[in-house]
Structure formats: structure tokens, C-alpha cells
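Single-structure report; data block below.
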Amino acid sequence: NSTESPTVSMMFGEFQLTFHVSALLQTDADGSGQVLRSHLVGNDVTVIFQEPDAPPFKPQINRADLQHVFIIVRVHRPCTQHTCYSLAVSRSRGVPPFGPSIPSGWIAPASSAFVDFLLTKIINAKHATHKSESFVTMATRARKEQLKQLVNSFVTTTPLDSSSGVRFSLISLGGKKKERLAPHPLAYLQSAGALTWSVTVRDPRSSVAVACRLAVSSELLVLIEEAGRKVVFHCSCRDVIGWNTAHGSIQVFYQHGLCVAFSTRDGRWEDSQEITQRLKTVTHGAAGAAVTLRRNRLGQLGFHVNFEGVVADVEAHGFAWQAGLRPGCRLVEICSVPVATLSHEQMIELLRTSANVSAIVLPPLRDGTPRRSFSETQRLPLLEVRLDLDVT
């Protein structure tokens, strides 16, 4: 088989990764294997390994039509006890950004943590390429050709012979007819496919109301503009940590506390109920509670909060305790300001100086730990190593 080639395969979590290594691919003397070599290596995501003295990588020179992302790994001090690596990423214009983010000047020592970071970056790069317009166009064209081939190969125009008079019937083996169970009225909310609702999203830049379709599947939450049929927002259901509803308006909090807000068309209460029930089914988030926090005689709120907005300590039986705050609760909004947009100092200053402190609070998990998104729990520690130049 001409498509067989040496590969390096491994399992990483629930993913099976297969790498085509250019150095292992054979090239015939007449150059006939070069096409296969380019097909296997120049596809989607390409990892470039560079030695310390290698010139800077230029994707414009090496890029092929199907190459969307380059991940450049440069080794420093190879074959020593102080071996470490730096990473860089180059992506095509249509490929959206993907994590985990690489801090400027970041260098990591050779370790299992760096391997996990790199493999996570590669997997996310693969997913990001599938969202690019060029990839979707090529994939659609390939599927059409495959369907056309199936139709040409297996569809027949020969009519079925009905002259034999053979009829099929189901024979009842039970003497008593079983009663049909009535379907659950909300059974459709358990569907793995996407359910949609008509919603209105207000553009934060112009305050213009935009008619959208909200689609929630078992994996993704997506907002699609009805007029232009463009995706204006999307996130993984695993990244949803909670939501809050009020007067037909719904706020969904995701990742590290970011917020997307929309309202049901004509303020339909039934749609709000369905959407929140759907979120409860396909995410690990929870409904938030809007609370008003009072101060004691000393002007204190009676609780401590860390930089993530997680409540660390609550004064027993104080006003905050009576409002429902407990250790592990997570503040996602303070005085209508998303906590994700505030530094720890700004958060503390807002809590100290606001005359009336209102907040949206997400309850902790059953074990008392705060709710965190998949992106937060899978975030690897950033390892930094200083390179000491050898002076001779």
C-alpha cells in the first residue's frame, strides 16, 4: 500500500495521537515518494523542531495549502542536565486563537509537565484548524465527492418484485397487550444534538440589539447571527461554570468567569426555563444567586475573597453568612461588573467603597470546592527557567 508510512503513535488522555516524522519517510531515487511525503507532513498541524543555532523559522517559505498551524519547538542546552525548550506558534489567518497561552519569553525545562503542555497545544491546534473557513470548504467538498461515489456505486434502479405476495407481519408473543409508556415532556432536553432558541444579544460596542439563534448541544454553546448567519460566540459546555436569569435575560459565565448575556425573544419565560434546564443537563455549572451584601457596624462585609473571586472565609452568622455565602462560593459579578475583568486590587476596592454591594454568586460543588471550568482545571503550571549565558 503506497499510503503506508512509519509513524509514531501514543495515547494522551482520551486522545490517540499519530505523528508522521519527515526523517522517517522514505524518498525514492526518482523522487516519486515526494508527493506522499508532502501529503503526510504538510497537513493541518506541523511541529518544527529546531536546534539552538538554527535560523528563525519562516512559515511563508515552508507553508503548503493544507498547512494551517506551525508549532515551533526550539531546544536550549541540549543533552545536558539543564535542557529546556521554548515554543512559538504561527497560524493561518482563518484559524482562531487556541490555548494554552504561551507567555512572552517563556522557557520550560525538559519535564513531563512540558510534554503535557505541548501535546495539549497540538490537540487544540488540530481542533482550531477545523474551524477555519478554508478547512470547512475543503471538508465539505470531500464529503460531497464521497457521497457521490457511494451513490454511483451502490444505488440501484431495479424495482422490487412484489408479485410473490409475501407480506411481513409482527407476531404477538404475549397474550396481554402492554401499555405504552407516555414520553417524558422534557425528554428532548436530553438530546446530544443541538437545541435552538430565538434570542436577542446586545452588542456591547454599539448597544444595538442583534437577533440571534442560541444553539446548545452536548458539547458546544453557540450564538449565530440570524441576518448574516455568522457565529458571534461559542464556547465548550465543559467551560460553563454557571448562569443567572432575571426578567427574561440570561447571563452565562464560562472559563475563568467571563460572561455572555442574551435575552429570550419577547421575554418568553418558557424559553428561559428550557435554556436553563438544558444548561443544567449538558454542563457542570449551576444557577447563580443574586445577593445584596450588607456591612456590619464596622463597615465590614464579613468575608474574604481571593483573586479568582472565590470566597475563602466567612464570618459565622454575619450578614454575608445570612445571605448564603460559604467558603468555596465564587463571585462572578460585583456591582454589575464581571469579576474576570477585575484585578484582585480592583475587586477589593470595589467591595470596600461601594455603598450598596450586589453580587452574583455560584454555589460550590458538593465537596465544598469552588466551581471551575475545564480550561481552568486543565491549565498547566507555567515553568520558567533563566538561561545563564556561558562567558568564555
Side-chain angles (χ1 to χ4, degrees), residues 96-97 189 194-217 219-293 308-310 329-343 346-347 350-351 354 356-363 370-376:
L189 293 177
L195 303 181
T196 65
W197 295 267
S198 296
V199 298
T200 301
V201 180
R202 192 163 297 277
D203 190 338
R205 296 169 297 181
S206 59
S207 298
V208 175
V210 181
C212 294
R213 296 291 293 184
L214 169 69
V216 184
S217 71
E219 296 183 357
L220 291 174
L221 184 150
V222 183
L223 285 170
I224 304 172
E225 182 186 1
E226 290 185 350
R229 297 186 179 183
K230 295 181 179 179
V231 175
V232 296
F233 172 82
H234 69 90
C235 75
S236 171
C237 288
R238 296 188 296 182
D239 277 340
V240 174
I241 58 177
W243 53 88
N244 182 59
T245 59
H247 309 294
S249 177
I250 301 176
Q251 295 171 284
V252 177
F253 300 95
Y254 63 99
Q255 292 182 0
H256 58 285
L258 298 174
C259 176
V260 59
F262 49 85
S263 57
T264 55
R265 203 71 58 85
D266 300 326
R268 287 175 55 86
W269 179 83
E270 299 85 353
D271 286 355
S272 296
Q273 290 292 102
E274 284 187 343
I275 292 171
T276 54
Q277 186 63 36
R278 177 64 168 171
L279 292 174
K280 185 177 180 180
T281 301
V282 299
T283 74
H284 295 293
V291 300
T292 300
L293 303 174
E308 294 178 307
V310 175
C329 287
R330 184 166 184 174
L331 307 182
V332 289
E333 187 177 277
I334 301 174
C335 298
S336 301
V337 180
V339 171
T341 63
L342 300 173
S343 66
Q346 292 172 331
M347 189 192 319
L350 189 61
L351 290 171
S354 299
N356 299 313
V357 179
S358 61
I360 296 178
V361 184
L362 301 182
R371 294 185 180 273
R372 289 190 171 90
S373 66
F374 179 80
S375 297
E376 291 178 299

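Computed from a predicted model, the values in this text were never measured in an experiment. Start at 1 with the first residue, then count along the sequence.
- Taken to the nearest 0.5 Å, the CG atom of Leu220 stands 8.0 Å off from the SG atom of Cys235.
- Sorted by first then second residue, the salt bridge (charged side-chain N to carboxylate O under 4.0 Å, His left out) pairs that include residues 228-255, not counting sequence neighbours, number zero.
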Show me the donor-acceptor pairs within less than 3.5 Å that the side chains of residues 282-292 make with the rest of the protein, sequence neighbours left out.
unit_1: Thr283; atom_1: OG1; unit_2: Leu279; atom_2: O; d: 2.6
unit_1: Thr283; atom_1: OG1; unit_2: Gly285; atom_2: N; d: 3.2

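- Rounded to the nearest 0.5 angstrom, Leu214 CG and Glu274 CD are separated by 11.5 Å.
- Closest heavy-atom contact between Ser217 and Cys237: O-SG, 3.4 Å.
- Applying the side-chain contact (heavy atoms from CB on, under 4.5 Å) test to Asn244 and every residue at least two apart in sequence or in another chain returns Gln251, Phe253, Ile360.
- At most 12 heavy atoms of other shown residues, nucleotides or ligands fall within 6.0 angstrom of atom CD in Glu219.
- Partners of Ser198 under the side-chain hydrogen bond (donor to acceptor under 3.5 Å, both in side chains) rule, at least two apart in sequence or in another chain, are Arg213.
- Here the CG atom belonging to Leu351 is positioned 7.5 Å from the SG atom belonging to Cys335, to the nearest 0.5 angstrom.
- Here the shortest heavy-atom pairing between Leu258 and Gln255 reads CD1-OE1, 3.7 Å.
- For Arg371, the side-chain hydrogen bond (donor to acceptor under 3.5 Å, both in side chains) test picks out no residue, with sequence neighbours left out.
- In this structure, Leu195 and Val216 have side chains that are not in contact, with every pair of non-hydrogen atoms separated by 4.5 Å or more.
- Put simply, the residue from Val361, Val310, Leu362 that forms a side chain to side chain contact (heavy atoms under 4.5 Å, CB included) with Leu331 is Val361.
- The side-chain hydrogen bond (donor to acceptor under 3.5 Å, both in side chains) test applied to Glu225 returns no partner, not counting sequence neighbours.
- In this view, Tyr254 and Phe233 satisfy the ring pair (Phe, Tyr, Trp, His ring centres under 6.0 Å) rule, not counting sequence neighbours.
- For Ala209, the side-chain contact (heavy atoms from CB on, under 4.5 Å) criterion is met by Thr200, Arg202, not counting sequence neighbours.
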Run the numbers on Ile275 and Thr264 for side chain to side chain contact (heavy atoms under 4.5 Å, CB included), then give the verdict. CA-CA 9 Å; Ile275 292 171; Thr264 55; 4.1 Å; yes
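- Checked by atom type and distance alone, the side chain of Thr276 pairs as donor or acceptor with a backbone atom of Gln273 at under 3.5 Å.
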Verify side chain to side chain contact (heavy atoms under 4.5 Å, CB included) between Gln277 and Thr281, making sure each step is shown before the conclusion. CA-CA 6 Å; Gln277 186 63 36; Thr281 301; 4.2 Å; yes
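- For the atom pair CZ (Phe374) and OG (Ser236), the distance works out to 7.5 Å, reported to the nearest 0.5 Å.
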Any chance you could lay out the side chain to side chain contact (heavy atoms under 4.5 Å, CB included) test for Ile241 and Val332, step after step, and finish with the verdict? CA-CA 10 Å; Ile241 58 177; Val332 289; 4.3 Å; yes
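- In terms of the salt bridge (Lys or Arg N to Asp or Glu O under 4.0 Å) criterion, residue partners of Glu226 (sequence neighbours excluded) are, by chain and number, Arg265.
- Rounded to the nearest 0.5 Å, atoms OG1 (Thr341) and CE (Met347) are 9.0 Å apart.
- Remark: Glu308 CD to His256 NE2 distance equals 10.0 Å, nearest 0.5 Å.
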